[in-house]
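Naming convention: chains lettered A, B, ... in sequence-line order (proteins, then strands); numbering from 1 in each chain.
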Amino acid sequence: MLDQRLVRDNPDSIAKELGRRGKAVDLTRLQLIAQQQRNLEETRSSLQAEGNRIGKEVGQRIKAGADPQGDDVAELRKQGNSIKQKVAVLEEEEKLLTTQLKEQLLTFPNLPSPDCPEGKDETDNIELRRWGTPREEKGLEEHWQIAERLKLFDTERSVRIAQSRFVTLMGQGARLERGLINFMLDLHTSKGYCEVLPPVLVNTASLTGSGQLPKFADESFRCAEDDLWLTPTAEVPVTSLHRDEIIPSDQLPLRYAAYSPCFRREAGSYGRDTRGLIRLHQFNKVELYWFAHPDQSAEAHQQITADAEAVLQELELPYRVIELCTGDLGFSARRTYDLEVWLPGAGAYREISSCSVCGDFQARRSSIRTKEGKATKLVHTLNGSGLAVGRTMAAILETGQQPDGSIRLPKALIPYVGLEQLEPK
RNA sequence: GGAGAGGUGGCCGAGUGGUCGAAGGCGCAGCACUGGAAAUGCUGUAUAGGGGCAACUCUAUCGAGGGUUCGAAUCCCUCCCUCUCCGCCA
């Protein structure tokens with residue numbers, strides 16, 4: 001959420017910064033609401049001050065022995081009543097404006113960081129670096145072909161169980177997925193991350209706090225009978241882990257590694273990535289999340305990205321790091337690095353992790369603060385996939401394929417899967 | 001699902017109509033004591049939004065929303081949530 005003070009005092013510069021995302025933004029109406037709201041607050045509160053003064057005086061006089069039914073007390077009561085009525089009218093107007101202001105503020109995306117490169121869409125993203133040597137020989141299979149051959153998962157039967165875009169991992173496939181989750185969590189916790197296994201049903205306040213609501217309601221699955229939604233990412237429950245809290249500054253940064261299944265409606269992606277593990281309504285993900293002191297968030301962003309990269313490096317999966325331009329930035333992000341893993345079968349880099357610094361955007365929505373001396377300030381939040389498990393499996397299958405049709409597993413993963421390689425059964 | 005209890009500051013916990021933003025404790029910070037520390041003592045320490053260069057000051061907030069009153073943490077109504085016991089259940 002944007003800072004309402006900034007909107008009130010510097011609407012033009014805020015509009016300009018938001019405009020870097022590619023769409024012109026007009027804040028004049030919002031600024032007017034904010035201004036009116038503040039004016040009303042001023043009159044209302046000074047009126048209330050007068051009312052409080054009268055109330056106290058009545059109490060004092062009665063205590064001092066005045067007749068509670070006497071004329072002078074009655075006169076004060078009358079004044080009190082008249083103020084009360086005026087305040088009631090003002091309060092109603094003010095409440096309306098406050099609600100409007102809040103509602104509006106929640107619909108604006110975060111301000112891009114000044115360091116975020118300008119651009120209109122993904123074609124303007126910038127490749128920062130590459131790691132590893134991609135396999136580029138011809139005739140390699142795509143992961144879903146391998147999976148079919150090795151019977152790692154069943155998509156057709158999953159339609160029977162649920163719908164399209166669901167997958168049932170079976171046999172070695174299920175085992176590999178489980179091994180990957182354990183491997184990732186072990187790697188992160190060995191570096192000091194606190195492991196989290198959160199609820200995957202989350203309430204509206206949680207989704208609003210991390211930025212999915214109110215704008216992206218159609219992207220999430222909702223439980224009709226309850227105020228609960230299926231979480232689209234562990235980022236949501238982990239943000240709300242500290243919602244409405246003040247975190248002592250000596251505890252920062254708090255670093256969490258949360259495994260959760262993730263649920264996305266993928267509205268508007270008909271026909272894209274219909275085969276395999278790339279785009280599903282339900283997938284597994286290990287998410288890294290930091291609550292950081294505002295002064296530390298830039299470094300934290302480098303670190304969280306490095307921690308995500310470490311998973312790919314340990315798994316010997318070639319990848320590249322992309323910096324998103326302003327036009328491709330997510331709603332809550334100020335700056336984002338995407339990790340794209342090389343899929344030899346598909347012959348393409350695919351996003352496998354997105355590491356974002358959100359500044360105080362989520363912290364303001366979720367009211368997560370820290371204390372520094374006397375001052376209370378909003379913390380900064382960061383998130384990064386470490387990693388999307390299904391896509392990781394796809395990369396391992398495509399990268400590890402050997403001439404005899406078996407799949408070599410990365411060394412680091414062998415103890416987790418209990419197999420040297422995957423073979424047709 | 002049935003019965004009961006309760007929601008107060010960073011935490012615990014008092015407070016049933018008047019200067020209560022709220023006793024006391026814990027925690028935290030500063031100071032004193034000390035060679036240094038512990039212990040002890042003193043002082044300070046809620047959040048949000050206004051106004052002011054600042055000192056400071058105003059308003060709101062005791063789960064949420066209404067009501068009674070000149071005045072509500074305290075009384076009334078509605079709702080939400082949490083806990084305990086019973087039932088059911090992985």
Side-chain angles (χ1 to χ4, degrees), chain A residues 1-10 30-106 197 199-206 208-209 223 225-229 237 240-252 254 261 291 293 360 363-379:
Chain A
M1 190 165 68
L2 301 177
D3 183 351
Q4 66 176 78
R5 242 173 309 196
L6 285 179
V7 172
R8 200 169 56 216
D9 300 338
N10 302 304
L30 191 59
Q31 198 251 350
L32 191 73
I33 294 174
Q35 194 62 54
Q36 286 176 337
Q37 187 272 338
R38 186 181 54 175
N39 293 343
L40 268 174
E41 179 177 336
E42 274 181 56
T43 8
R44 190 218 72 222
S45 69
S46 62
L47 214 52
Q48 277 176 325
E50 176 63 11
N52 288 343
R53 199 192 56 75
I54 291 172
K56 277 183 188 165
E57 200 175 326
V58 172
Q60 275 165 352
R61 289 203 191 178
I62 292 174
K63 223 174 199 173
D67 174 8
Q69 306 307 325
D71 282 351
D72 50 344
V73 172
E75 172 59 25
L76 284 172
R77 282 199 177 133
K78 217 174 102 189
Q79 286 178 26
N81 265 321
S82 123
I83 286 174
K84 195 161 69 169
Q85 278 164 20
K86 285 185 203 158
V87 168
V89 174
L90 292 176
E91 252 179 351
E92 202 165 326
E93 277 179 66
E94 190 187 340
K95 209 154 130 190
L96 193 74
L97 288 173
T98 309
T99 317
Q100 279 181 5
L101 182 63
K102 182 84 195 287
E103 273 172 7
Q104 285 286 308
L105 282 171
L106 285 173
L197 192 65
V200 295
L201 291 183
V202 298
N203 56 34
T204 298
S206 297
T208 307
C223 303
E225 303 295 323
D226 303 281
D227 176 35
L228 289 170
W229 309 63
S240 278
L241 205 53
H242 291 290
R243 179 149 49 84
D244 296 321
E245 280 188 28
I246 297 175
I247 303 168
S249 61
D250 60 2
Q251 286 180 20
L252 295 177
L254 290 171
F291 296 88
H293 188 280
D360 62 16
R364 183 173 291 106
R365 287 171 160 252
S366 300
S367 188
I368 307 170
R369 295 144 294 165
T370 188
K371 197 95 182 208
E372 200 173 43
K374 281 200 124 182
T376 309
K377 39 168 99 173
L378 296 165
V379 301

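Checking B:G50, B:U59, B:U47 against the side-chain heavy atoms of A:Gln4 singles out B:G50 as nearest. Comparing B:G65, B:A48, B:U19 by their closest approach to the side chain of A:Lys95 singles out B:G65. Comparing B:C58, B:G50, B:A48 against the side chain of A:Arg369 picks out B:A48 as the nearest.
Contact check, A:Arg8 against B:G50: a side-chain N or O comes under 4.0 Å of OP1 or OP2.
Using N1 to N3 plus N6-O4 or O6-N4 for Watson-Crick, or N1-O2 and O6-N3 for G-U wobble, each under 3.5 Å, B:U34 pairs with nothing. Base pairing annotation: B:G18 forms a Watson-Crick or G-U wobble pair with B:C70, both donor-acceptor distances under 3.5 Å. B:A39 makes up no base pair with any nucleotide shown, lacking Watson-Crick or G-U wobble contacts both under 3.5 Å. Base pairing analysis places B:A23 opposite nothing; no Watson-Crick or G-U wobble pair with both distances below 3.5 Å involves it. Nucleotide B:G1 forms a pair with B:C86, judged by Watson-Crick or G-U wobble geometry with both contacts under 3.5 Å. The nucleotide B:C79 finds its pairing partner in B:G63, both defining distances of the Watson-Crick or G-U wobble pair being shorter than 3.5 Å.
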Chi angles and distances behind the side-chain contact (heavy atoms from CB on, under 4.5 Å) call for A:Arg369, A:Lys377: CA-CA 5 Å; A:Arg369 295 144 294 165; A:Lys377 39 168 99 173; over 6 Å; no
Worked check of salt bridge (Lys or Arg N to Asp or Glu O under 4.0 Å) between A:Asp360 and A:Arg364: CA-CA 6 Å; A:Asp360 62 16; A:Arg364 183 173 291 106; 3.1 Å; yes
Stepwise side-chain contact (heavy atoms from CB on, under 4.5 Å) check, A:Lys102 with A:Gln4: CA-CA 9 Å; A:Lys102 182 84 195 287; A:Gln4 66 176 78; over 6 Å; no
Stepwise side-chain contact (heavy atoms from CB on, under 4.5 Å) test for A:Glu93 and A:Leu97: CA-CA 6 Å; A:Glu93 277 179 66; A:Leu97 288 173; 5.6 Å; no
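Shown for residues 37-45 of chain A: residues whose heavy atoms fall under 4.0 angstrom of RNA chain B, namely A:Arg38, A:Glu41, A:Glu42, A:Arg44, A:Ser45.
Separating the CD atom of A:Gln48 from the C1' atom of B:A48 is a distance of 15 Å, rounded to the nearest angstrom. Computed from coordinates, the A:Arg53 CZ to B:U57 P distance equals 18 Å when rounded to whole Å. Note: CG (A:Leu90) to C1' (B:A60) measures 15 Å, nearest angstrom. Atom-to-atom, CG of A:Asp360 to P of B:A48 comes out at 13 Å; the value is rounded to the nearest Å. Rounded to whole angstrom, the span from the CD atom of A:Glu245 across to the P atom of B:A48 amounts to 15 Å. Atom-to-atom, NZ of A:Lys377 to P of B:G49 comes out at 15 Å; the value is rounded to the nearest Å. Atom NZ of A:Lys371 and atom P of B:A46 are 7 Å apart (whole Å). Nucleotide B:C81 holds its P atom 16 Å from the CG atom of A:Asp244, rounded to whole Å.
Remark: the separation of the P atoms in B:C12 and B:G21 is 23 Å, to the nearest Å. As rounded to the nearest Å, B:G13 and B:U84 have P atoms that lie 15 Å from one another. Taking atom C1' on both nucleotides, B:A37 is separated from B:C20 by 40 Å, rounded to a whole Å. Going from the P atom of B:U69 to that of B:G1 covers 39 Å, rounded to whole Å. Between B:A73 and B:A14, the two C1' atoms lie 12 Å apart (nearest whole Å). With both ends at atom C1', the span from B:C83 to B:C42 equals 40 Å, rounded to whole Å. The C1' atoms of B:A46 and B:G9 are separated by 5 Å, rounded to the nearest whole Å. Spacing of P atoms, B:G6 relative to B:G15, comes out at 12 Å, to the nearest Å.
Across all strands, A:Ser367 comes closer than 4.0 Å to no nucleic acid atom at all (heavy-atom distances).
Electrostatic pairing of A:Glu57 and A:Arg61 counts as a salt bridge here, judged by a charged N lying under 4.0 Å from a carboxylate O.
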Table of protein N/O atoms under 3.5 Å from nucleotides 70-74 of chain B N/O atoms:
from	atom 1	to	atom 2	distance (Å)
B:G71	OP2	A:Lys84	NZ	3.4

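Taken from CG in A:Asn10 to CD in A:Gln31, the straight-line distance is 9.5 Å, to the nearest 0.5 Å. Between A:Ile368 atom CD1 and A:Ser240 atom OG the span is 7.0 Å, to the nearest 0.5 Å. The distance from the NZ atom of A:Lys84 to the CD1 atom of A:Ile54 is 12.0 Å, given to the nearest 0.5 Å. To the nearest 0.5 Å, atom OG1 of residue A:Thr98 and atom CD of residue A:Glu103 are 11.0 Å apart.
Between A:Ile246 and A:Ser46, the residue whose closest nucleotide on RNA chain B is further toward the 5' end is A:Ile246. Map A:Asp3 and A:Glu50 each onto its nearest nucleotide of RNA chain B; the residue landing nearer the 5' end is A:Asp3.
Remark: of the listed residues A:Arg44, A:Gln48, A:Lys95, A:Arg44 is the sole one forming a side chain to side chain contact (heavy atoms under 4.5 Å, CB included) with A:Leu90.
Under the salt bridge (charged side-chain N to carboxylate O under 4.0 Å, His left out) criterion, A:Glu41 pairs with no residue at all, not counting sequence neighbours.
The 12-atom threshold is not exceeded at CD of A:Glu92, counting heavy atoms of other residues, nucleotides or ligands nearer than 6.0 Å.
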